[in-house]
Trainee: 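Structure incoming, see below.
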Amino acid sequence: MKNIVIIGGGFSGLATANHLARKINRKKVKITLIEPKEENIYEPEYLFWVFQDKPISNLLKPISKLLSKEVNWIKNIATKIDPEKNIVTIENGKNILYDFLILATGARMAQEKLDAYCQTDNVCEFYTKDGVEHLKEKLMEFDGGTIVITPTTVPYKCPPTPIEFAFLLDKYLRKRGIRHKSTIRFLYPLSRAFTMAEPAKKVEKLFAKRNIKFTPFFNFETIDNENNKVLSLEGEEIGYESLIIIPPHEGQDVIKDSGLGDREGWITTDRYTMKHNEHDNIYAIGDGTNLPVSKSGTVSHFSSNILVKNLISELKGKPPKAKYKGLTICFILTSFKKSMLLHFSYNYPPKKYGLNSTLLFGLFKKAFKFAYFKFLIKGRL
Amino acid sequence: MTDYEIAIEVDARGAFCPGPMMELIKAIRQAEVGEFIALLSSDEGTRVDVPAWVDKAKHELTALINEDGFDRYIVKKLH
Ligand SMILES: Cc1cc2nc3c(=O)[nH]c(=O)nc-3n(C[C@H](O)[C@H](O)[C@H](O)COP(=O)(O)OP(=O)(O)OC[C@H]3O[C@@H](n4cnc5c(N)ncnc54)[C@H](O)[C@@H]3O)c2cc1C
């Protein structure tokens, strides 16, 4: 009997566990998932939830309903991995042995840094459930002034999200009739408003049209809460009435403590095979890796298929030959009803498609949330 | 002769999003002052982006080496 252990039951861990459970001979292989949380949350809709008057519970699904019954679920936290002895230790001190380990631990929102930044309640974020609730309240109270939007670290989940937030905020303030007394400022680490040159041109054009002020080369350093200023590594200071940050992201403690990551705890992963760079029987998937691709569900989805193929080959005693070629699909919302669709890989640059039909967009969005819980997280597509 | 020891090497070849510049910024944030970073990029735009950012952020572009199908940027963290 071989043991596959997966640490982390977010989108990446659940999709991979479910996919493996369907493909593997369960008499010969046991799959164990270690995940402390009871529920999975559909993060892409945080963005809309900020502007909607609906309870956030609508975005949650219990893991018990999403995980295959063939997978043994341990509701606990992995505290240490010994890659020489093939052992995972969990919080209650128990050791779990593995033949293959899959790290799907995601990105950690550095709560201690976030608490330090959010000392005043005009500093908000929308990357956590509590953050969304708080920002919702603050926006309802907002009655004009300068709102500044900035990432605090790179990398962060879903690179277009801060841009999308700026576009939606513009629409929201217009709808409330207070756009004329509000300034939106968008601060970004690069010389352009988005990671990729061609889409960035379109974003900057739309920013200009909608009067969203863009500051390039702004790499967040810290916040001066007393004086309502945000400071950059490059030495700039920008004032705000309200500051919306993308929280600091880093790798998980278990990765750092087990020496399996880079200096910030991102799992050092082979960009093609999805294997750990140093340990042949460890794979990695999702936001926790150091791959040079975006931290997004679509990357997890495409790379999970490769990981599963390779692991199954190995279980059959064959070499793991499947290669993840960096395929990414990404939407950039430019309003509540319009978006740009991009796809690219390690081998070709982004191709841009407009998806501007209201009806089509509405249908797509609905279908996507449905597909996420019904098919993607179940490893079925 | 090269006179630097690379502390962090980032292979951003074929990376479009977040892309080579973001990978460099990430590495600079991880590095200690005085350490050297090697960034590998196959993207032509990086030839403009890296010198512009390094200059603005007041670090040092120690070397730019053209290799087969990609460039190797050596950047020193100065502060
Ligand atoms: C606002 C927002 C908008 C987004 N929009 C999009 C979008 O439009 N399209 C898209 O593709 N992606 C989008 N994303 C990104 C997407 O949600 C993530 O990439 C995806 O959820 C990552 O899944 P993951 O499983 O890798 O990580 P996570 O979801 O973070 O899961 C990691 C899991 O590991 C567990 N874990 C961590 N450490 C341990 C441990 N020591 N022991 C046991 N378990 C552990 C955690 O509890 C967690 O459940 C968005 C994200 C946000 C925040």
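This one's a predicted model, so the numbers in the text were calculated from it and none came from an experiment. The chains referred to below are lettered A, B, ... by the order of the sequence lines, with proteins before strands, and numbering in each begins at 1.
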Trainee: Does E5(B) have more than 12 heavy atoms from other residues, nucleotides or ligands lying within 6.0 Å of its CD?
Mentor: no
Trainee: For side-chain contact (heavy atoms from CB on, under 4.5 Å), just list the numbers for F16(B) and V293(A), CA-CA rounded to whole Å, side-chain angles, deciding distance to a tenth of an Å, and then say yes or no.
Mentor: CA-CA 7 Å; F16(B) 294 104; V293(A) 287; over 6 Å; no
Trainee: When rounded to the nearest 0.5 angstrom, what distance separates CD in Q30(B) from CD in E264(A)?
Mentor: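 Q30(B) CD to E264(A) CD: 4.0 Å, rounded to 0.5 Å.
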Trainee: Please report the shortest heavy-atom distance between E23(B) and P292(A), naming the atom on each side.
Mentor: OE2-CA, 3.4 Å
Trainee: Given heavy-atom pairs under 4.5 angstrom as the criterion, report whether the side chain, backbone, both or neither of F344(A) touches chain B.
Mentor: side chain
Trainee: Does some side-chain heavy atom of L190(A) sit less than 4.5 Å from a side-chain heavy atom of I25(B)?
Mentor: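 I25(B) vs L190(A): side chains touch.
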Trainee: Check whether Y188(A) gets within reach of chain B through its side chain, its backbone, both or neither, counting any heavy atom under 4.5 Å.
Mentor: side chain
Trainee: To the nearest 0.5 Å, how far apart are OG in S294(A) and CE in M22(B)?
Mentor: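 Going from OG on S294(A) over to CE on M22(B), the span is 11.5 Å.
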Trainee: If you compare all heavy atoms of R29(B) against all heavy atoms of F220(A), which two are closest, and at what distance to 0.1 Å?
Mentor: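 Looking at all heavy atoms of both residues, the closest pair is NH2-O, 2.7 Å.
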Trainee: Could you tell me which portion of E250(A) (side chain, backbone, both or neither) has an atom closer than 4.5 angstrom to a non-hydrogen atom of chain B?
Mentor: neither
Trainee: Side chain from CB out, backbone as N, CA, C, O: work out which of these in I28(B) comes under 4.5 Å of a heavy atom of chain A, or both, or neither.
Mentor: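 Contact with chain A: none, neither part.
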Trainee: Considering only heavy atoms, which portion of S191(A) lies under 4.5 Å from any heavy atom of chain B: side chain, backbone, both, or neither?
Mentor: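 Just its side chain gets close to chain B.
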Trainee: Quick one: what part of L233(A) sits under 4.5 Å from any heavy atom of chain B, side chain, backbone, both or neither?
Mentor: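 Contact with chain B involves both backbone and side-chain atoms of L233(A).
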Trainee: Please find the pair of heavy atoms, one from D11(B) and one from R271(A), that lie closest to each other, and give the distance.
Mentor: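 Scanning both residues, the minimum pair turns out to be O-NH2, 3.0 Å.
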Trainee: Is P189(A) close to chain B through its backbone or its side chain, or both, or neither, when contacts mean heavy atoms under 4.5 Å?
Mentor: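 Interface part for P189(A): both.
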Trainee: Is S345(A) in contact with chain B via its backbone, its side chain, both, or neither, using a 4.5 Å heavy-atom distance?
Mentor: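 Looking at S345(A), just its backbone touches chain B.
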Trainee: What distance do F217(A) atom CZ and D49(B) atom CG have between them, rounded to the nearest 0.5 Å?
Mentor: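 If I round to the nearest 0.5 Å, the distance is 7.0 Å.
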Trainee: For the residue pair M196(A) and C17(B), what are the closest heavy atoms and their distance?
Mentor: CE-CB, 3.8 Å
Trainee: Counting heavy-atom pairs closer than 4.5 Å to chain A, which one of P18(B), A15(B), P20(B) comes out on top?
Mentor: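 Result: the option with the highest number of such pairs is P18(B).
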Trainee: Got a sec: does the NZ of K256(A) have more than 12 other heavy atoms crowding it under 6.0 Å?
Mentor: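 Correct, the count exceeds 12.
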Trainee: Distance-only, no hydrogens or angles: does the R13(B) side chain make a donor-acceptor pair with backbone N or O of Y346(A) under 3.5 Å?
Mentor: no
Trainee: Does T153(A) reach the side chain of K26(B), with side-chain heavy atoms less than 4.5 Å apart?
Mentor: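 Result no, sub-4.5 Å side-chain heavy-atom pair not found.
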Trainee: Evaluate whether atom CD of E44(B) has more than 12 neighbouring non-hydrogen atoms of other residues, nucleotides or ligands under 6.0 angstrom away.
Mentor: no
Trainee: If you measure from the Lys or Arg side-chain nitrogens to the Asp or Glu carboxylate oxygens, is any gap between E35(B) and R263(A) under 4.0 Å?
Mentor: yes
Trainee: Checking F207(A) now: which residues fulfil ring pair (Phe, Tyr, Trp, His ring centres under 6.0 Å) with it, not counting sequence neighbours?
Mentor: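 By the ring pair (Phe, Tyr, Trp, His ring centres under 6.0 Å) rule, F207(A) matches F167(A), F186(A).
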